[in-house]
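The structure under discussion appears below in the form of structure tokens.
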Amino acid sequence: MAEPSLPVLIQGGMGAGVSGWRLARAVARTGQLGVVSGVALDALLARRLQLGDPGGHLRRALGAFPVPEVAERILRRYFVPGGIAPGRPFRPVPRLGLRPSRARDELTVAANFAEVWLARQGHGGPVGINYLEKIQLATPAAVYGAMLAGVDYVLMGAGIPTQIPALLDAFAAGKTGELTVTVAGAERGRTIAFTPSELTGAAAAAPPARPRFLAIVSSAVLAAYLHRSPATRPDGFVVESPVAGGHSAPPRGRLRLDEAGEPVYGPRDRVDPAKIAALGAPFWLAGGHAAPGAADAARSCGAAGIQAGTIFALCRESGLDPRLRRRLVQAALTGDLRVRNDPTASPAGFPFKVAELPGTLSEEEVYRDRPRLCDLGYLRTPYVRANGAVGYRCPAEPVDEYIRKGGAAEDTAGRRCLCNGLVAGIGLAQHRPDGYIEPPLLTLGQDLGFLPDLVDEPGGDYTAEDAVDYLLNR
């Protein structure tokens, strides 16, 4: 059977939940690569079930899960017919950790399965899922869940994803998948393992098909490093520039900030497409390519095409809270929206694009008024305690707790809780028992030049199909 053709356009996998199944399905229907975000899908599934699962989509997906008893346990624990009362806190999900947790693995596998399964319904186009290397503890179970649903591509950035090709190979062979997790203060990492048969039993006797793996990189040096060995070699690359949304690689060399406090990128940070092309693997250019003719220009220098995110984050099928999305569009059209590349906002330690919108965590007053806590914990990192045991810390947690855990006080300055903020941005904000509601944190790319061409009147809107047509057919 012939290999499927490569997409010219990859829709960016924006998390958490911005690139949801509706958006990925809409893009895949056009024949291009629709991508769901794989970040925090366990929490998103649990919260949406607690809201009553409007439309019944998640229950339909769980009905297709190959291990019915797992789906039934999840529904019993989280599904609330008619939804929880307004203002009531969401029930928490098990936090990531090195210790095995069957409940956590079941929820993670099922959530990733459901998101991909829904994205694949009603068409024959390709569907991918995007993960962050920084969230290592979730990766094995999450990847297996996506593979169970028949995902075509796995994409990963925010780190150096050397272990993913072997993980995909193991699952496709029906074997245990292993990942070595970095532990601060330890001479070597800790290995976590996921054995499919322990979850599925005989229900998934045939191993899932292996998806293609695309590594998201920002330099030819990193691409060459990953490509040099079959053990780490991806099936292709997405090459991001510094203007892309979400996390960005820091500038190479000494960090310098401009007058606005943003990292300064120089000639060393520009990627020569010819150096990537020389590796012989397909690649896509990302960040600042949302314009007619950009895909053709990319192909003329050896790329397979482009990846675009922000143009899809602001379309009708985006997972962003519709009220916030409309405010972002209007602010951008009037020239009042600034997207800042904040060097300290993310607990992950990478520069992070923050869209400055009143009432969100981009405002210093909103940030200062938010009680510091870390209850979702996707960006927590393991570290070695004084007694040799492993603990977890996050620079966005209470400062005294972080210092008590051996962290440096200066690492906490300006850190936003991305986990709660991004989840709030898609309309799933946690309500605290004291009445406090988690404020949203929004991220976009810094190239918004496409909007006037797609929104020609106040309050106007456009679809994912419109965005694809704009990028490929105008």
Side-chain angles (χ1 to χ4, degrees), residues 6-15 19 27 32-35 37 126 128-134 153-162 164-165 211-229 232-253 263 265-291 293-313 341 350-353 443-447 450 471-472:
L6 296 172
V8 175
L9 173 62
I10 298 176
Q11 164 248 312
M14 300 160 286
S19 294
V27 174
Q32 301 307 315
L33 178 54
V35 179
S37 167
I129 192 165
N130 187 93
Y131 296 111
L132 297 181
E133 163 68 15
K134 183 70 176 177
Y153 287 81
V154 169
L155 302 88
M156 182 173 282
I160 305 176
T162 57
I164 305 306
R212 291 177 174 176
F213 173 55
L214 304 182
I216 302 173
V217 300
S218 60
S219 73
V221 172
L222 177 55
Y225 171 77
L226 292 172
H227 190 266
R228 66 178 183 171
S229 167
T232 62
R233 185 176 301 152
D235 300 293
F237 299 95
V238 174
V239 185
E240 279 193 341
S241 80
V243 303
H247 288 99
S248 302
R252 297 181 68 187
Y265 293 87
R268 295 179 62 192
D269 301 300
R270 300 190 188 103
V271 181
D272 181 355
K275 293 183 178 179
I276 305 291
L279 299 175
F283 67 99
W284 291 258
L285 300 181
H289 297 278
D296 289 336
R299 296 176 80 180
S300 70
C301 63
I306 60 172
Q307 175 180 281
T310 300
I311 191 172
F312 292 106
N341 193 22
F350 296 103
F352 186 78
K353 305 296 188 313
T443 181
L444 294 172
Q446 293 177 307
D447 174 21
F450 57 84
L471 293 173
L472 299 185

Heavy-atom pair with the smallest gap, counting every atom of [X] and [Y]:
X	Y	value
Gly159	Leu222	O-CD2, 4.4 Å
Tyr153	Pro126	CE1-CB, 4.4 Å
Pro351	Asn341	CB-OD1, 3.4 Å
Ile216	Gly157	CB-CA, 3.8 Å
Leu132	Ala158	CD2-CB, 3.7 Å
Ile129	Ser37	CG1-C, 4.3 Å

Quick one: are [X] and [Y] in side-chain contact, heavy atoms under 4.5 Å?
X	Y	result
Leu214	Trp284	yes
Arg212	Leu6	yes
Leu285	Cys301	yes

Taking atom [atom1] of [X] and atom [atom2] of [Y], what is their separation to the nearest 0.5 Å?
X	Y	atom1	atom2	result
Glu133	Phe350	CD	CZ	8.5 Å
Met14	Thr443	CE	OG1	10.0 Å
Met156	Lys134	CE	NZ	13.0 Å
Gln32	Leu471	CD	CG	9.5 Å

Derivation and outcome, side-chain contact (heavy atoms from CB on, under 4.5 Å), residues Ile160 and Tyr225
CA-CA 10 Å; Ile160 305 176; Tyr225 171 77; 4.0 Å; yes
Apply side-chain contact (heavy atoms from CB on, under 4.5 Å) to residues Val35 and Phe312 and explain how you reach the verdict.
CA-CA 11 Å; Val35 179; Phe312 292 106; over 6 Å; no
Once side-chain contact (heavy atoms from CB on, under 4.5 Å) is applied, do any residues pair with [X], and if so which ones, sequence neighbours excluded?
X	answer
Val243	Ser241, Gln446
Pro211	Met147, Val151, Val154, Leu168
Ser229	Ala231, Thr232
Ala249	Ser218

In sequence, state the C-alpha distance, the side-chain angles, and the governing distance for Phe213 and Leu226, and then conclude on side-chain contact (heavy atoms from CB on, under 4.5 Å).
CA-CA 12 Å; Phe213 173 55; Leu226 292 172; over 6 Å; no
Show your working on side-chain contact (heavy atoms from CB on, under 4.5 Å) between Thr310 and Phe450 and close with a plain yes or no.
CA-CA 10 Å; Thr310 300; Phe450 57 84; 3.9 Å; yes
Residues in side-chain hydrogen bond (donor to acceptor under 3.5 Å, both in side chains) with [X], at least two apart?
X	result
Asp235	Arg210
Ser19	Gln11
His247	Ser346
Ser248	Lys353

Surrounding CZ of Arg299 (heavy atoms of other residues, nucleotides or ligands, distance under 6.0 Å), is the total greater than 12?
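At most 12 heavy atoms, drawn from other residues, nucleotides or ligands, come within 6.0 Å of this atom.
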When Val238 is tested against each of Leu155, Ile306, Asn130 for side-chain contact (heavy atoms from CB on, under 4.5 Å), which residue passes?
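Of all the options given, the one that passes is Leu155.
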Output a table of donor-acceptor pairs, distance under 3.5 Å, between side-chain atoms of residues 268-282 and any protein atom two or more places apart or on a different chain; print 'none' if there are none.
| unit_1 | atom_1 | unit_2 | atom_2 | d |
| --- | --- | --- | --- | --- |
| Asp269 | OD1 | Arg252 | N | 2.8 |
| Asp269 | OD2 | Gly266 | N | 2.9 |
| Asp272 | OD1 | Ala274 | N | 3.0 |

